[in-house]
Amino acid sequence: MSAEAVTADLGHAADEHGHDEHATTTGLSHTKLAMWVFLGSECLLFGGLISTYLLYKSRGNGRTLPTDVFDIPFTSVSSFVLLMSSLTMVLALSAVSRGEDEAGRTWLLATALLGGVFIGGQVYEFTSFVREGVAFTTNPASSAFFTLTGFHGVHVSLGIVMLMSLFVASVKGKLTQRNAETVEIVGLYWHFVDIVWIFIFTVIYLIPAD
Amino acid sequence: MAITEKTPLELGPGDSVRYAERPLGVFTRPQGGRGWRDWLSTVDHKRIGILYGVSAMFFFLVGGVEALLIRLQLAAPEGSVLSADVYNQVYTMHGVTMVFLFIMPLAAAFSNYFIPLQIGARDVAFPRLNALSFWIWLSGAIFLNTSWMVGGGGADCGWFCYSTNSGVAFSPSHGVDFYAIGLQILGIASLVSSVNLIVTCLNMRAPGMTLMRMPVLTWMLLITQFLLLFALPVITVALFLLMFDRLFDAQFFNPDAGADPLLWQHLFWIFGHPEVYIIILPAFGVVSEVIPTFSRKPLFGYEFMVFSGIAIGFMGWGVWAHHMFVSGIGPISVAAFSLSTMFIAVPTGVKVLNWLATMWGGKLRFTVAMKFAVATVAMFTIGGLSGVTHSVAPADTQQTDTYYIVAHFHYVIFGGGVLGLFAGIYFWWPKIWGHFLNERLGNWSFWIMLVGFNLTFGPMHILGLQGMSRRIDTYARGYGFEFWNMAATVGSLLIAVSVVLFIWNVVKSKRDAPHLPPPGPDPWDGRTLEWSIPSPVPVHNFDTVPQVHGRDEWWHTKYAENDEGKVVRVATVEEVAQTGEATGVHLPSPSFWPLAVAVGLPLIGYGLIFNLWLALIGALLTIASLYSWALEPVDDPDAAHDHHEEDHEDDENEDDQTGGHDS
C-alpha cells in the first residue's frame, strides 16, 4: 500500500525500483502495527480503571451504590447496539476493500450511528443515575463507576469522530479501495473499544456488589 | 484518521494541492534549512535526539540546583537555608525533575538518535509523531516547572505523591495539580514515542538485521519502550484519579468516604517499579556497546544479555509491592514479593558477570567513555546489592523511609543510569558532533564525579542505618548525624564541580575542534552500523541501506579470521565506510503542526486548574492542529524532489498518521 502511494507520488513505475507490498520487516504496514501496539497500551489503561472499580464497587459511604441503580435490561440493549456496530464496521471494510464506495459509506455511517445510539444511551443512563442519587462525587464506588464508563464513552466518541472523518473523506472521493487499510485500522480501534465494553458489562453490571 | 494522508498522493500531477500547503492559512510549509525555525519544524530523528539531549541536560542543572539546596539545608543540624514547606517542594521537584525531565529524556535522546542508525534505517517509522513526542515532552516539562511561578509552589508530596498527603487538605497549593497534569502530559509524550520506536525497531530493520543480530543498545531500548508502553497507562489512571479528586471532588482517595489510600500506592508502584528499569536499561545498553568496543572483544554471551534484559522486563512487573512492605499488605504478599525481588537480581547479575567476562582477556583501552562504563558496572553492583538487602522484608522494615533507601536508589539511578548515559555521551560525541570531547578534561570530570558521587551517597548508607529519616527538613544535634551529612554535602559540591567541568569541556572541545584532526567515521574501531557512516551523520544517514550478515556487522566488514584462525584486518575504514555523499535521497518534509499540537496541551492543563474556558481554547487548538496535520501530506508536494537514485526506502515514511487518537 505504502509502496503504491510512493509510486503514485513520484509517477514512477513500481517495478522500476523493485517496490513490493511487503517493504517493511514484518510485512505489516507501520500504521497497522502502531495501532496494535497502541491497543496493547490501552489494555493496561482499562485494566487499571476496571481494577479501581472492582476495589471500590461496594464502598458506598452509606449512600446509594451504582449497583443499586443499574438498569440491566436497558444497558443490555445498548450493549447489543454497540456490538452490532462491530458487524457494520466489518461490512464497511469489506465494501471499501471491494471498491464499493457507496456501500462503504453506508456502513460507515451505520457504524457511527450505532455508536451514537450507544453514547446517547450512556448519557440517558448517567442522568437517570444522578437523579436516583448516584452522582460522580457521591462515594468511591460512584466515582470509580463514572470514571470507568466515562473513559469508555470518550473512547467510543473518538471512534465516532474517526468514522465520520472516514465518511467525509469518502464523500470527497479520497477513500478508495487503495487505502482500505485505513478503514481496517480504524476498525481495529472500534472492535477493541467494543471488546472492552464486553468486559465492562460483564464485570461491572452483571456481578453484584457484596 | 490516517486516511487523509494519502489524499494528495492520489491526485494527478497537474491537480492543485494548494489547500494542503496552508491548511488553515497559518503556516507556510517549512522547506528545511539551517535557521532556528528549522529546529522548530524538524522531523529528523537525529535533530530530535539532540533536542531531547540538550533539554535533558538543562533540566539536569535545574534538578542539580534543587539537590544542592537539599544538601546545603542538611549540611549541619538545624539548617535554615530552606523552610520546612519549601524543603518539601524542593525534594519533590528534585525527584520529579531528575526522573521525568532528565534521565528519561536523555535516554529518549539515545533512542531517537541511535535506534535508526543501529538498525540501518533512514528515520523512525513516524517522523512527525517523533517531533510531536519531543514538543509534548517539552511543553509538559515547562508546564510542570511553572508551578513555582503560578501554582503557589512546587508539588510537595514526594515524587511518589502518596495519598492522603496529596489531597487538598494536606497540600492546598496547586503544586500537586501541576504534578498530576504535568506528568500526564509527559506520559502522552513517552507513549507516542514508545509506539513510534517499537514500530521502528520491529518494522524498519535493514535487510538481514534479524532480531538476534540487533545491537544490544537497540535491544535494551526496545525493551524500555515496551515497559513504557505498558507502565504509562497505569500511572495515567492514577494521575487521573488524583486529578479528579483534587479538582472535581471525586472520592478516590478520601478515607472518610471509605476510600483506600493503598490504591494509589499500588497503581503508582505498578508503574514505578518498571520505571526503575525504564531508567536503568538504556544505561545497560550503552555499557554493552562501550565495553566490547574498548575491550576489542565481542560482547560475552550476547543471547544471555538479550534474554536477561527481556527477563528483567517481565519480572519488573512482579516486584512492585516491595516498595510497600510496611504498608500492611499482609504476610503472604510480603513473602511473595520478597521472593520475586530476590529472583530479579539473577538476570541483573548475569549482565554484570557478562560485562566482566567481556573485559576478561580483552585489549582494554581506558578512554573516558570506558571509565564511565566500568564505573557504571561497579556502582550499579553496589546499588544492586543494597537492593537485595531490601528484599529481606524484616531488614527492609528497619530501612524503610531512612537514608539507606536514598543511598540505594541513588547508587542504582545515578551510579547506574547517569554514569552509564555519560559513558554514552563521551562514546558517541564524535559521531554526533564530528569532534571528540577533550579526554583530559573528561578524565578530571570523571574522577571528580566518581569521588563526589561516592562521598555523597556512600555515607547515606550509614546515616540510614543510624536511623536518619528521609524527607525531614532538618535534624537535631547529638544523634551522630553531623559528620556524614557534612561529608555528603561536600560530595554533592564535588559532583557540581564535575558537571561544570563537563560543560566547560563541551565548550572547549567545540572551540578546539577546527585545530584537531577530525574523528572520521569510526574513531573507536567500533562494531555497529552507526560507525560505518560519516561523523557527523549526514541528514539521510545511509547512502545505501546496508545488507547485514551477522552481529557486529561493521566489525566483520573490517576484520576477518585468517587461515590460522587469527583475527586480521581486511579493510581500512576509508575503504568500507560510506561517504555520505549520496544526493537526492527522499526525506520526510518538516512540519510545524507537532509543535502546534503540543502548545495546546499545557493550555488545557492551566485551564483545568484555573479556568475551564482556557482548557476549551487549548483543546480547540490541539484538535485544529491535529486536523491540519492530517490534511497536510507527509511529503511536501512542492519540495524539490530528485528521485533518480536512492529512493527505495522512501516508503518508510509514507504511513505517518495523525495521532488523532493519542490525545
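Order of the sequence lines sets the chain letters (A, B, ...), proteins ahead of strands, with each chain counted from 1. When reading the values below, keep in mind they use all heavy atoms of this one structure, side chains included, and skip hydrogens, waters and symmetry mates.
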Novice: Which atoms of A:Leu55 come close to chain B, meaning under 4.5 Å heavy atom to heavy atom: side chain ones, backbone ones, both, or neither?
Specialist: side chain
Novice: Compare every heavy atom of A:Ser41 with every heavy atom of B:Phe230, then report the nearest pair and how far apart it is.
Specialist: CE2-N, 4.1 Å
Novice: Yes or no on side-chain contact (heavy atoms from CB on, under 4.5 Å) for B:Asp260 and A:Arg59, after CA distance, side-chain angles and deciding distance?
Specialist: CA-CA 10 Å; B:Asp260 189 344; A:Arg59 302 198 186 199; 3.4 Å; yes
Novice: If you count heavy atoms of other groups shown closer than 6.0 angstrom to CH2 of B:Trp317, is the number above 12?
Specialist: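 Enclosed: over 12 neighbouring heavy atoms sit under 6.0 Å from CH2 of B:Trp317.
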Novice: Between A:Thr52, A:Thr138, A:Leu163, A:Val168, which residue shows the highest count of heavy-atom pairs closer than 4.5 Å to chain B?
Specialist: A:Thr52
Novice: Does B:Phe244 reach the side chain of A:Thr137, with side-chain heavy atoms less than 4.5 Å apart?
Specialist: no
Novice: Can you list the steps and then say if B:Leu191 with A:Phe38 is a side-chain contact (heavy atoms from CB on, under 4.5 Å)?
Specialist: CA-CA 8 Å; B:Leu191 180 67; A:Phe38 171 69; 4.2 Å; yes
Novice: Sort B:Leu229 into side chain, backbone, both or neither according to what part of it lies under 4.5 angstrom from a heavy atom of chain A.
Specialist: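 Both backbone and side chain.
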Novice: Could you check whether B:Asn203 and A:Thr25, counting side-chain N and O atoms only, form a donor-acceptor pair closer than 3.5 Å?
Specialist: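 Per modelled atom types, A:Thr25 and B:Asn203 side chains form no pair under 3.5 Å.
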Novice: Using non-hydrogen atoms only, which part of B:Asn254 is less than 4.5 Å away from chain A: side chain, backbone, both, or neither?
Specialist: neither
Novice: Kindly give the heavy-atom pair with the smallest separation between B:Asp256 and A:Asn61, and that separation in Å.
Specialist: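 For B:Asp256 and A:Asn61, the tightest heavy-atom pair comes out as O-OD1, 3.6 Å.
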Novice: Hey, can you tell me if A:Tyr56 and B:Phe252 have their rings parallel, tilted or perpendicular (30° and 60° cut-offs)?
Specialist: parallel
Novice: Search all heavy atoms of B:Gly258 against all heavy atoms of A:Pro140 and return the closest pair with its distance.
Specialist: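 In this case the closest contact between B:Gly258 and A:Pro140 is C-CG, 4.1 Å.
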Novice: A quick test of your reading: do over 12 heavy atoms of other residues, nucleotides or ligands sit less than 6.0 Å from CH2 of A:Trp107?
Specialist: no
Novice: With a 4.5 angstrom heavy-atom cut-off, is it the side chain or the backbone of B:Ile198 that approaches chain A, or both, or neither?
Specialist: side chain
Novice: Select one option (side chain, backbone, both, neither) describing which atoms of B:Leu232 are under 4.5 Å from chain A's heavy atoms.
Specialist: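 For B:Leu232, there is no contact with chain A at all, as no heavy atom is under 4.5 Å.
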Novice: Find the distance between OG (A:Ser143) and CZ (B:Phe248) and round it off to the nearest 0.5 Å.
Specialist: 12.5 Å
Novice: Looking only at heavy atoms, which two atoms of A:Asn139 and B:Gln251 are closest? And how far apart?
Specialist: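 Result for this residue pair: C-CB, 3.7 Å.
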Novice: Relative to chain B, which segment of A:Phe151 carries a heavy atom at a distance below 4.5 Å: side chain, backbone, both, or neither?
Specialist: side chain
Novice: Quick one: OG1 on A:Thr31 to CZ on B:Phe126, what's the gap to the nearest 0.5 Å?
Specialist: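 Here the interatomic distance stands at 4.5 Å.
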Novice: Provide the closest heavy-atom pair for B:Leu202 versus A:Thr26 in the form atom of the first, atom of the second, distance.
Specialist: O-CG2, 3.3 Å
Novice: In chain order, what residues pass the salt bridge (charged side-chain N to carboxylate O under 4.0 Å, His left out) check against B:Arg246, with sequence neighbours excluded?
Specialist: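 In terms of salt bridge (charged side-chain N to carboxylate O under 4.0 Å, His left out), with neighbours along the sequence ignored, B:Arg246 is linked to B:Asp177.
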